[in-house]
Amino acid sequence: MNIYFKKVEEKEYNSFRQDVKEVFAIAVVEEFGDSDDGDVILDEDINESLFNPNAETYYIYLDDKKIGGVVLNINNMTQHNSLDLFYIYPDCHSKGIGQKVWYMIEEKYPKTKVWELVTPYFEKRNINFYVNKCGFHIVEFFNKYHKDPRIGDSDYEFKEEFFRFEKVMK
């Protein structure tokens, strides 16, 4: 199994955005059914990650087949880094690939002190993956009683409740 990263060029951002929307929509549709409310993640939200000055954006390949993508926010000063966007195509799920990719990310950024990410409350697959497979801990639950101060109000119910995870590196 030859997994590797390929830097995403800005000219590829439209394709990357489309991949993110399609893969993220799967869990929303499974949980809430089809909706005509628009995209489950907005271009502006994806762009915030893609155009962050600390962003490291990669496609993920297995042999010569693209299987996903990732946007990392790498703060070289504090080494408190975040996993902003991460997706693996569904036909590659439950094969240990995501876990291998995560450990490759950890190896790629060995100076990291803390990794952080957020995921919606209903994403049981993600919660299992990050807690039980990758060693993260849930450290905060954002909801209508405890809103994330970093984001504005949202019209999308599934965006109002999510977990913040951390992994303190040794």
Side-chain angles (χ1 to χ4, degrees), residues 1-35 37-76 81-112 114-136 156 158-159 162-167 169:
M1 184 178 340
N2 180 30
I3 297 173
Y4 61 95
F5 301 104
K6 179 181 173 257
K7 190 125 180 99
V8 177
E9 302 296 327
E10 191 169 335
K11 65 184 178 188
E12 300 172 292
Y13 282 2
N14 284 337
S15 177
F16 189 92
R17 266 190 296 278
Q18 194 58 40
D19 276 359
V20 169
K21 288 178 179 186
E22 289 174 9
V23 175
F24 282 25
I26 294 167
V28 174
V29 169
E30 286 175 357
E31 184 70 20
F32 301 106
D34 270 332
S35 173
D37 291 341
D39 294 323
V40 299
I41 183 169
L42 301 174
D43 285 343
E44 296 82 34
D45 294 335
I46 299 169
N47 286 342
E48 189 175 321
S49 294
L50 290 173
F51 290 104
N52 182 307
N54 295 327
E56 302 271 338
T57 305
Y58 302 99
Y59 280 126
I60 303 162
Y61 284 83
L62 173 61
D63 298 322
D64 292 323
K65 178 184 172 195
K66 183 171 65 167
I67 61 164
V70 63
V71 179
L72 306 164
N73 182 331
I74 305 300
N75 186 322
N76 289 313
N81 300 327
S82 66
L83 176 64
D84 287 358
L85 300 167
F86 180 32
Y87 65 93
I88 299 290
Y89 295 147
D91 63 332
C92 295
H93 287 179
S94 299
K95 298 178 180 175
I97 294 170
Q99 187 176 11
K100 175 133 176 74
V101 168
W102 175 251
Y103 288 127
M104 289 173 66
I105 291 169
E106 287 184 0
E107 288 175 18
K108 189 170 183 59
Y109 299 94
K111 294 181 181 177
T112 300
V114 178
W115 282 104
E116 178 180 304
L117 65 96
V118 296
T119 200
Y121 77 95
F122 64 86
E123 275 276 25
K124 293 177 183 85
R125 179 183 193 88
N126 284 0
I127 295 165
N128 176 67
F129 175 74
Y130 291 118
V131 172
N132 298 323
K133 303 286 185 183
C134 299
F136 280 82
Y156 297 101
F158 59 85
K159 287 187 177 179
F162 53 94
F163 293 105
R164 185 172 69 85
F165 296 75
E166 282 187 357
K167 182 173 183 178
M169 304 303 289

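Only a predicted model underlies this, so the values are computations on that prediction, with no experimental measurement involved.
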Next item on the list: Go through the steps to decide whether V118 and F163 satisfy the test side chain to side chain contact (heavy atoms under 4.5 Å, CB included), and finish with yes or no.
Entry: CA-CA 5 Å; V118 296; F163 293 105; over 6 Å; no

Checklist line | K95 (side chain) donor-acceptor with D91 (main chain) under 3.5 angstrom | finding: yes

Check: How far apart are the closest heavy atoms of I88 and G98, and which atoms are they?
Finding: CG1-CA, 4.3 Å

Next item on the list: Indicate yes or no: at least one non-hydrogen side-chain atom of N47 is less than 4.5 angstrom from one of R17.
Entry: yes

Check: Does V70 reach the side chain of V101, with side-chain heavy atoms less than 4.5 Å apart?
Finding: no

Check: Within a strict 4.5 Å, meaning less than it, do heavy atoms of the F86 and I60 side chains meet?
Finding: yes

Note to self: Distance alone, cut at 3.5 Å: any donor-acceptor contact between the side chains of Y109 and N81?
What the structure shows: no

Notebook entry, point to check: Heavy-atom count around K66 NZ within 6.0 Å, excluding the residue itself: above 12?
Noted result: yes

Next item on the list: State the CE-CD1 distance between M104 and I97, to the nearest 0.5 angstrom.
Entry: 11.5 Å

Notebook entry, point to check: Is the number of heavy atoms from other residues, nucleotides or ligands under 6.0 Å of D63 CG greater than 12?
Noted result: yes

Notebook entry, point to check: Judged by atom type as modelled, is there a donor-acceptor pair below 3.5 Å linking the side chain of N52 to the main-chain atoms of N54?
Noted result: yes

Notebook entry, point to check: Do D43 and K21 come close enough that some side-chain heavy atom pair is under 4.5 Å?
Noted result: yes

Item checked: Distance-only donor-acceptor check, side chains Y89 and D19, under 3.5 Å -> yes

Item checked: Heavy-atom check, side chain of L72 versus side chain of L83, under 4.5 Å -> yes

Item checked: Distance in Å, D84 CG paired with D45 CG, rounded so as to fall on 0.5 Å steps -> 11.0 Å

Next item on the list: Specify the closest pair of heavy atoms between W115 and W102, including all atoms of both residues, with the distance to one decimal.
Entry: CD2-CH2, 3.5 Å

Notebook entry, point to check: Is there side-chain contact between Y59 and F5, with at least one heavy-atom pair below 4.5 Å?
Noted result: no

Notebook entry, point to check: Could you walk me through whether Y87 and E22 pass the side chain to side chain contact (heavy atoms under 4.5 Å, CB included) check?
Noted result: CA-CA 10 Å; Y87 65 93; E22 289 174 9; over 6 Å; no

Margin query: Using every non-hydrogen atom in the two residues, find where I26 and P90 come nearest and quote the distance to one decimal.
Written below: CD1-CG, 3.3 Å

Notebook entry, point to check: So, is the end of the K7 side chain (NZ or CZ) under 6.0 Å from the ring centre of Y58 and within 45° of the ring's axis?
Noted result: yes

Notebook entry, point to check: Any salt bridge between E12 and K6, counting N to O under 4.0 Å?
Noted result: yes

Margin query: Measuring only between side-chain heavy atoms, which start at C-beta, is R164 closer than 4.5 Å to S82?
Written below: no

Notebook entry, point to check: For E106 and C134, which heavy atoms make the closest approach, and how far apart are they?
Noted result: OE2-O, 4.3 Å

Item checked: Closest non-hydrogen atom pair, S49 against V71 -> O-CG1, 3.7 Å

Notebook entry, point to check: Mind checking whether Y61 and I3 have side chains closer than 4.5 Å, heavy atoms only?
Noted result: no

What pairs of donor and acceptor atoms, side-chain ones from residues 125-133 against any protein atom, are under 3.5 angstrom apart with sequence neighbours left out?
from: R125; atom 1: NE; to: H93; atom 2: ND1; distance (Å): 3.3
from: R125; atom 1: NH2; to: H93; atom 2: ND1; distance (Å): 3.3
from: R125; atom 1: NH2; to: S94; atom 2: OG; distance (Å): 3.2
from: N126; atom 1: ND2; to: T119; atom 2: OG1; distance (Å): 2.8
from: N128; atom 1: OD1; to: N132; atom 2: ND2; distance (Å): 2.7

Check: Charged N to carboxylate O below 4.0 Å: is that the case for E56 and K108?
Finding: no

